[in-house]
Amino acid sequence: MKSTKLKQLLASVVAMTLLATGITGCTKGTEDGNAVGDTNVEVYQAALPTEVQDSEIYVAPINGIDENFIRGMDISSLLVEEASGVKYFDEAGQEQDLFKILADNGVNYIRVRVWNNPYDEAGNGYGGGNCDASTAATLGSRAAAYGMKLNVDFHYSDFWADPSKQMCPKAWADMNIDEKQQAIYDYTVESLNMISDAGADIGMVQIGNEINHGMAGETTEDNIILLLKKASEAVRKISAERGNDIKIAVHFTNVDDKSSMLRKALWLSNEELDYDIFGISYYSYWHGGLKNMKDTLATIKGQYKKDVMVLETSFPYTGEDGDCFGNSVSEDDIAGEYICSAQSQANAVWDVMSKMAEIGGLGVFYWEGAWIPVGNSYDTNQEIWNKFGSGWASSYSTDYDPNDAGKYYGGCSWDNQAFFDFDGKVLPSLGVFKYIYCGTNTPEKLEFFKSCSVEVTQGQDIVMPEGVYGVYNNRELSREVPTVWKAEELEAIDTSMGGEYQVHGITEDGYEVIANILVTYANLLDDQGFENGSAAWQVGFDCAVNPTDIQNKASDAYAGEKAMHFWNADEEQVFWVEQTITATEDGTYNAFAYIQGGDAGSDHKVRFYIKVNGEEAASDDTAKLTGWKQWSRPEVNGVEAVAGDEITVGMYVSCAAGGWGTMDEFCLYKD
């Protein structure tokens, strides 16, 4: 974006800011020393509570947490939400400026994503907030009036940037790497000057968003580091000129892959990048356990002497959909100590903040906590999303991203993870940001019973647990609750046959619960889930490079921690994974396995097979790679073999360059 355009936008940004806040002046000055507005005003300061508070949600105080701990909120979509008619209401049901509601609940920092030019040639927005530098300027200035700092999250793209997609801005498309370095420097300087001139208190700048595999269209580490260094140089320039201590954050995701995160930190160190914060996204339903997250960041903090923090987290308070456009996360994705509820939402955020406090992390940002429905009719909503950009993508986004946003544009898939209900009223869970200092007084309440599962192998007796685990709002009270199971339902289960069953029970305090009984097949394969590596398996390939490896990443495994992973960006992939055993009995043999993946090409093939003595006996080619966690279960049944025969079970895959996926939990069993 040229500096003249940025300057032209400044006047309208300031006007919008002052109108939105109802303030006629601002304490922040412009670069030339002239005040923005005609009078100085007192910045709103919400005091943190110092004594235990009554609340609908239980929150324990976090011992030793610093008052300056970042309790942040990404509210990038606010302007288009307001333009779409969304209103926000405080605890008393009174309409209120979102910033006041956030400040009163302990939020002290906001985060705003910045896209270079999220508009087509006719000026139609791509959606997702249509967030550009002027968006950050407006929201940052409004935040400053409520005592909040701003984190400017540069994506260095014209639309969404994440691990799977780091597209080059349109204006930089024909630039070589030298020209692009200068462009990223100029753009960063001009944008930060504009945002500062509007009155924002910039405390942090992210130079890229989830840049695991690229940035601004560059995919090699050699080029990415060149861009990072120029972006860092630009931030340091503005920090020095403005006299502000602006922290520079580098942002990655997939912290569940600890080795990858440690490699990224080493890479930044070896390249001597000038930055302050190693930041990650952490979503409990995608990125593994809290301990791994904490330990990974603690290692990076200690080894490389960098600040660390969570730049994105979130959690659903409900499984319902509010805007007739599906949610990214449903009740089926939630497990462990949480369910979809306001209490669990508060617990999930408390858990992340607590882990950050334990290791001296800077803080936590919650992602898009105010992105709520604009209506409840799909047809009406679609018109609003397109007009104002309040859905995740508009139909105009096909101009820039025809293969994703241009095909699947629509509403907000995050409305069930906001801190406001679908009508805009604040949820009690938002108070977690202030209650971490004082705790709450909340009556004891059973939240839910953990899922109860019993797994037995064919022919074994079913041994039921003595109770089920009850999770309370105060999780220190959580405990196993004695349970009586229905004997007639247990007796009706035939364990000689594999299958899934349910048994009902009554807890000692009268709650009805259900146990899921899984009678598993006696699996004849060794290391069916690759948890012990690949020694039991043979891999063959008909391409230049073996595209497979054993991946230690629970979110990509069907069960356990590991799975057989495949990916090659450079060439078509043709490979097979198989294991051979010797039959010890005559009989009929059956097999199944699980596979998921994507970007495999329209003519990709997956063939699951059984061979007897090297000859293919039967196969199933119905499985398809349709997306992440979209598991297919190919199976082959009724293969006859006699004792001494060699039986091979395998999976053959042929897919395009860039295709990826995992296969897991192979099973061979005899009738």
Side-chain angles (χ1 to χ4, degrees), residues 162-164 210-213 221 251-268 278-304 308 310 312-313 333 335-336 351-352 355 359 523 525-539 541 545-569 573 575-579 593-599 625 627-632 650-651 653 655 658-667:
D162 55 48
S164 66
E210 296 186 336
I211 60 168
N212 295 50
H213 305 304
E221 288 189 341
H251 180 197
F252 299 99
T253 188
N254 296 337
V255 68
D256 48 322
D257 189 350
K258 182 177 182 178
S259 60
S260 175
M261 290 299 96
L262 297 179
R263 284 196 300 271
K264 293 297 183 186
L266 176 62
W267 167 58
L268 297 179
F278 189 99
I280 54 110
S281 296
Y282 175 73
Y283 297 97
S284 61
Y285 39 76
W286 291 333
H287 297 141
L290 285 156
K291 184 180 185 303
N292 174 72
M293 181 269 288
K294 183 191 81 168
D295 291 347
T296 301
L297 291 186
T299 299
I300 292 169
K301 183 175 188 290
Q303 190 164 343
Y304 300 105
V308 294
V310 173
E312 291 183 21
T313 194
D333 299 309
D351 286 341
V352 178
K355 295 305 179 189
I359 63 172
N523 197 343
L525 298 176
D526 184 30
D527 194 20
Q528 66 269 20
F530 305 97
E531 298 299 317
N532 299 322
S534 59
W537 296 88
Q538 295 79 48
V539 176
F541 54 95
V545 177
N546 180 3
T548 72
D549 64 282
I550 304 299
Q551 179 175 270
N552 187 1
K553 189 176 180 182
S555 59
D556 282 355
Y558 184 81
E561 299 291 326
K562 298 180 181 179
M564 178 65 75
H565 169 258
F566 60 89
W567 177 73
N568 189 317
Q573 302 163 74
F575 66 94
W576 52 95
V577 178
E578 61 185 30
Q579 182 178 148
Y594 296 89
I595 185 169
Q596 62 95 28
D599 299 327
L625 303 175
W628 185 55
K629 299 183 87 169
Q630 301 297 310
W631 291 98
S632 291
M651 189 98 75
V653 176
C655 68
W660 53 268
T662 52
M663 54 184 72
D664 202 7
E665 296 303 309
F666 284 67
C667 180

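On a predicted model such as this, the values are computed, not experimentally measured, just so you know.
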| Crowding at CZ, Phe541 (>12 non-hydrogen neighbours, <6.0 Å) | yes
| message | Atom CH2 of residue position Trp567 - does it have more than 12 heavy atoms of other residues, nucleotides or ligands inside 6.0 Å? | response | no
Backbone N/O of [Y] and side chain of [X]: donor-acceptor pair under 3.5 Å:
X	Y	value
Asn532	Asp527	no
Glu210	Asp162	no
Asn212	Thr253	yes

| side-chain contact (heavy atoms from CB on, under 4.5 Å) evaluation trace for Gln538 with Val577 | CA-CA 6 Å; Gln538 295 79 48; Val577 178; over 6 Å; no
| message | The test is side-chain contact (heavy atoms from CB on, under 4.5 Å); show your working for Glu531 and Lys562 and say whether it passes. | response | CA-CA 5 Å; Glu531 298 299 317; Lys562 298 180 181 179; 3.8 Å; yes
Less than 3.5 Å apart, any donor N or O on the side chain of [X] or [Y] sitting next to an acceptor on the other?
X	Y	result
Ser555	His287	no
Trp286	Asn254	no
Thr662	Gln551	no

For [X] versus [Y], what's the shortest heavy-atom pair and its separation?
X	Y	result
Met261	Val255	CG-CA, 3.7 Å
Asp664	Ala557	OD2-CB, 3.6 Å
Trp660	Gln596	CZ3-OE1, 3.8 Å
Tyr285	Lys629	O-NZ, 4.4 Å
Gly659	Gln573	O-NE2, 2.9 Å

Inter-residue atom distance [X].[atom1] - [Y].[atom2], 0.5 Å rounding:
X	Y	atom1	atom2	result
His565	Asp556	NE2	CG	6.5 Å
Ile211	Phe252	CD1	CZ	4.5 Å
Thr299	Tyr304	OG1	OH	9.5 Å
Leu268	Arg263	CG	CZ	13.0 Å
Lys355	Asn292	NZ	CG	12.0 Å
Ser284	Asp351	OG	CG	8.5 Å

| task | Check the pair Asn552 / Asp257 against side-chain contact (heavy atoms from CB on, under 4.5 Å), numbers first and verdict last. | result | CA-CA 7 Å; Asn552 187 1; Asp257 189 350; over 6 Å; no
| task | Check ring-ring contact (aromatic ring centres under 6.0 Å, His included) between Trp537 and all other residues, then give those that pass, not counting sequence neighbours. | result | Phe530, Phe666
For the residue pair [X] and [Y], establish whether any side-chain heavy-atom pair is separated by less than 4.5 Å.
X	Y	result
Ile280	Thr296	no
Gln579	Gln528	no
Leu290	Tyr282	yes
Trp576	Val653	no

| field | Trace of the side-chain contact (heavy atoms from CB on, under 4.5 Å) decision for Asp295 with Lys258 | value | CA-CA 9 Å; Asp295 291 347; Lys258 182 177 182 178; 4.2 Å; yes
| note | Checking Ile359, Val352, Asp256 against Met293 for side-chain contact (heavy atoms from CB on, under 4.5 Å), the one that qualifies is Val352
| request: Verify the ring-centre separation between Phe575 and Phe566: is it less than 6.0 angstrom? | output: yes
